[in-house]
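Taking it in order: structure first as structure tokens, then the write-up.
Note that the structure is a prediction, hence the values are computed from the model and not measured. No hydrogens, no waters, no symmetry mates; every other heavy atom, side chains included, goes into these values.
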Protein chains: 2
Amino acid sequence: MLNYSTSEENHIKAIFHLQKQDGTVTTNELANELNTKPASITDMMKKLKAKKLVNYQPYQGFRLTNDGNKVALGIIRRHRLWEYFLAEKLKFSWDEVHEVAEDLEHVSNKKLVDKLDEYLGFPRVDPHGDPIPDANGKIETTKKICLTDLPVNTPATVSSVSDQSSEILELLEHKKISIGTKLEIRKKFEFDHSMEIKIRQQAAFNISGQLAKNIFVKYGS
Amino acid sequence: MLNYSTSEENHIKAIFHLQKQDGTVTTNELANELNTKPASITDMMKKLKAKKLVNYQPYQGFRLTNDGNKVALGIIRRHRLWEYFLAEKLKFSWDEVHEVAEDLEHVSNKKLVDKLDEYLGFPRVDPHGDPIPDANGKIETTKKICLTDLPVNTPATVSSVSDQSSEILELLEHKKISIGTKLEIRKKFEFDHSMEIKIRQQAAFNISGQLAKNIFVKYGS
DNA sequence: GAAATTATTTAGTTTTGTCTAAAAATATTT
DNA sequence: AAATATTTTTAGACAAAACTAAATAATTTC
Ligand SMILES: [Mn+2]
Ligand SMILES: [Mn+2]
Ligand SMILES: [Mn+2]
Ligand SMILES: [Mn+2]
């Protein structure tokens, strides 16, 4: 497999994440995501198209080709493995790992990554609960349910968290919620979208709609 | 401390290594070391001079300033810590670590490096026996003696190896010589600079002058 | 459906890091 | 001390990755 520049990789990864939601990605969306200007995106898309990593017709938006997708999964694999390493081995906290992994992910030595994976015991998810692609680019795709969409009185388990700030970490630690926590919603309040949730034997307590929006669960306990 | 580009870092590191031997480094030497052209070196030296990392007057060669030296030690610290990590934790062999560390050394996040150091147990030397600078840039400077310069019948301990090829590794493993091995020279042969050495209780055996040239020792056992 | 607005692309620059070819400085021979 | 050879620098070019400003296409509004 060929090697790509850091800039190319950052573009590919951003398209991958954006097209999850949108299907096809627009120039402005990507420019916004990468804190760059639309003109720069057009330039890069021409380049990635020439390398057959994106499908792109002027004014039509773009999406990754199969090859582009494979490249993206490689980058995401490296990113999440390093995040896991930083949290698990170096004891970085949850909100600090992303930034460092942004640099480490661009060291794309296959043997390094596969040995790191093995050393870490082939972890399935990163510290934020996001799945880690395996050496073949296979990634778990259990659809995650936003806590705001979970029905009342239905057992569920926290699977991931979308915001990665130290502020949300502080709040989650205070509420004793982390990935793997089993919970049920007792009551939802329409007015401010806050809700009352219950964890095991503990008394039910309240969380804001804003917090709930950033927590994802899967059914079952 | 400021951040430098990968190219700047590679130049700084190369000057550091070359000036160990030469005192002052020339344009051609550095171009040769970095597989680049003399004209490119001149350009970079102007830049590093402007950043006060090298002392340089046209046609006079160059050497690192105090600041340049500190930057170099930071790079070498990262390089050797990653080499140790790769060998010790990921079970890379001795001859494979350098190449991978060449990339990892440019991820210059202070907290990452210091936590890695701690995680590794503050190792003093890398897999090739070269000393690892501490967080303050302090580096052990025990003068290493080339095995060819060790007097006969004088107890010594292998401290480092300069060549890092898989070929020398194979030979050293076969001869059961590694860093920390205690040995004595029994006889030196002028003709081809080969020598007979003795390790502990084992029978004395012969090594070539070429091999001896790449082994460094310190006095004592 | 024309006008206004927004999104995207094009054209032309800039910075970084490299290169080649030519000029200039320095070192080595005779 | 010339002549020759070597080393280093300068000048000019190029590719990558970004930018600004202007032009053009697409979309939305009236
Ligand atoms: Mn991340
Ligand atoms: Mn993550
Ligand atoms: Mn090395
Ligand atoms: Mn080393």
Check the distance between D:dA18's C1' and A:Asn10's CG and give it to me in whole angstrom. 13 Å
Atom NZ of A:Lys37 and atom P of D:dA16: how far apart are they, to the nearest Å? 24 Å
For the pair B:Lys111 and A:Glu99, evaluate salt bridge (charged side-chain N to carboxylate O under 4.0 Å, His left out) and give the outcome as yes or no after the intermediate values. CA-CA 12 Å; B:Lys111 189 167 181 183; A:Glu99 190 191 337; over 6 Å; no
The nucleotide from C:dT20, D:dT7, C:dT9 with an atom nearest the side chain of B:Asn28 is D:dT7
With a sphere of 6.0 Å drawn around CG of A:Asn66, does it hold more than 12 non-hydrogen atoms of other residues, nucleotides or ligands? no
Taken to the nearest whole Å, CD/A:Gln60 to C1'/D:dT27 is 13 Å
The side chain of A:Ser40 is closest to which nucleotide in this list: D:dT9, D:dC19, C:dT8? D:dC19
Under 4.0 Å, counting only non-hydrogen atoms across every strand here, what does B:Ser7 touch: a base, just sugar-phosphate, or nothing? sugar-phosphate
So if I take every side-chain heavy atom of B:Ala39 and compare against C:dT10, C:dT18, C:dT20, which nucleotide ends up nearest? C:dT20
Taking OP1 and OP2 of D:dT10, is either one under 4.0 Å from a side-chain nitrogen or oxygen of B:Lys46? yes
Tell me the interatomic distance from A:Leu34, atom CG, to D:dC19, atom P, rounded to whole angstroms. 10 Å
For B:Met44 and D:dT10, what is the distance between atoms CE and C1' respectively, to the nearest whole Å? 18 Å
Could you tell me whether the phosphate oxygens of D:dT9, OP1 or OP2, come under 4.0 Å of any side-chain nitrogen or oxygen in B:Thr27? yes
Against the side chain of B:Thr36, the closest entry in C:dT18, D:dC19, C:dT8 is C:dT18
B:Gln57 CD to C:dT26 P, in whole Å, measures 12 Å
Result for salt bridge (Lys or Arg N to Asp or Glu O under 4.0 Å) between B:Arg77 and one of B:Asp114, B:Asp134, B:Asp130 points to B:Asp114
Counting side-chain heavy atoms from CB outward, which of C:dT26, D:dT20, C:dC19 is closest to B:Asp43? C:dC19
Applying a 4.0 Å non-hydrogen cut-off, can you work out what B:Pro38 is touching in the nucleic acid: base, sugar-phosphate, or nothing? base
Nearest-angstrom distance from the residue atom OH of B:Tyr59 to P of D:dT6: 17 Å
For a quick check of understanding: with a heavy-atom distance under 4.0 Å over all strands, which category does B:Thr42 fall into, base, sugar-phosphate or nothing? base
Give a yes/no verdict on a cation-pi contact between A:Lys89 and A:Tyr119, requiring under 6.0 Å between NZ or CZ and the six-membered ring centre and an angle within 45° of the axis. yes
Step-by-step side-chain contact (heavy atoms from CB on, under 4.5 Å) determination, A:Gln60 to A:Thr24: CA-CA 9 Å; A:Gln60 301 295 131; A:Thr24 145; over 6 Å; no
Quick one: label A:Tyr56 by what it contacts on the DNA or RNA (base, sugar-phosphate, nothing), any heavy atom closer than 4.0 Å. sugar-phosphate
Rounded distance (Å) that lies between atom C1' of D:dC19 and atom CD1 of A:Ile41: 13 Å
